[in-house]
Trainee: 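Dropping a structure here in structure tokens format, bear with me for questions.
All values derive from a computational prediction rather than experimental measurement.
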Amino acid sequence: MKLLDLFCGAGGAAMGYYRAGFDDITGIDIKPQPHYPFKFIQADALEYLREHGREYDVIHASPPCQRFS
């Protein structure tokens with residue numbers, strides 16, 4: 001299954017998904033994430049979701065709490 005990890009940061013949540021059996025993971029973040037452990041695309045998460053969200057089976061989003069909650 002394809003998992004989209006929005007606002008991915010360094011990949012902590014993605015690693016949990018990987019350990020649970022997901023192996024096709026793509027992380028999206030507006031800031032560079034040179035240590036992200038899976039495929040990484042630097043982009044605006046919501047714009048990427050609008051354009052590519054249908055390509056994934058599962059979508060995980062964890063926006064920064066300080067700004068979005």
Side-chain angles (χ1 to χ4, degrees):
M1 291 180 63
K2 291 180 69 171
L3 181 120
L4 178 60
D5 182 15
L6 299 174
F7 308 95
C8 67
M15 188 56 70
Y17 282 109
Y18 175 76
R19 290 180 178 165
F22 290 85
D23 59 359
D24 189 353
I25 300 170
T26 301
I28 309 296
D29 204 295
I30 200 150
K31 296 180 181 176
Q33 300 297 332
H35 302 293
Y36 190 77
F38 308 102
K39 179 180 176 184
F40 173 75
I41 299 170
Q42 186 174 349
D44 180 276
L46 297 179
E47 288 179 17
Y48 188 89
L49 176 63
R50 276 189 287 276
E51 294 176 18
H52 301 280
R54 292 178 189 90
E55 300 169 19
Y56 296 87
D57 301 304
V58 177
I59 298 172
H60 168 89
S62 183
C65 300
Q66 297 85 352
R67 184 171 173 201
F68 295 102
S69 49

Trainee: Could you tell me which non-hydrogen atom of Gly11 sits nearest to which non-hydrogen atom of Pro37, and how far apart they are?
Mentor: CA-CD, 4.2 Å
Trainee: Does the Gln42 side chain pair with the main chain of Lys31, one donor and one acceptor, at a distance under 3.5 Å?
Mentor: no
Trainee: May I ask whether Leu46 and Ile59 are part of the same hydrophobic cluster, defined by side-chain heavy atoms of I, L, V, M, F, W, Y residues being less than 4.5 angstrom apart, directly or through others?
Mentor: yes
Trainee: Roughly how far, to the nearest 0.5 Å, is the NZ atom of Lys2 from the NZ atom of Lys39?
Mentor: 7.0 Å
Trainee: Is Leu6 reachable from Tyr17 through a run of I, L, V, M, F, W or Y residues, each pair having side-chain heavy atoms under 4.5 Å apart?
Mentor: no
Trainee: Okay, side chain of Asp5, backbone of Thr26: is any donor-acceptor separation there less than 3.5 Å?
Mentor: no
Trainee: Take the angle between the ring planes of Tyr56 and Tyr48 and call it parallel below 30°, perpendicular above 60°, tilted in between.
Mentor: tilted
Trainee: If every non-hydrogen atom of Pro64 is compared with every non-hydrogen atom of Phe7, which pair is closest and at what distance?
Mentor: CD-CD2, 3.9 Å
Trainee: Membership question, hydrophobic clusters at under 4.5 Å side-chain separation (ILVMFWY): are Met15 and Met1 in the same one?
Mentor: yes
Trainee: Parallel, tilted or perpendicular: which describes the rings of Tyr36 and Phe38, with under 30° parallel and over 60° perpendicular?
Mentor: perpendicular
Trainee: I need the single residue from Asp24, Leu49, Ile25, Val58 that forms a side chain to side chain contact (heavy atoms under 4.5 Å, CB included) with Leu4. Which is it?
Mentor: Leu49
Trainee: Nearest 0.5 Å please: distance from the SG atom of Cys8 over to the CD1 atom of Ile41.
Mentor: 10.0 Å
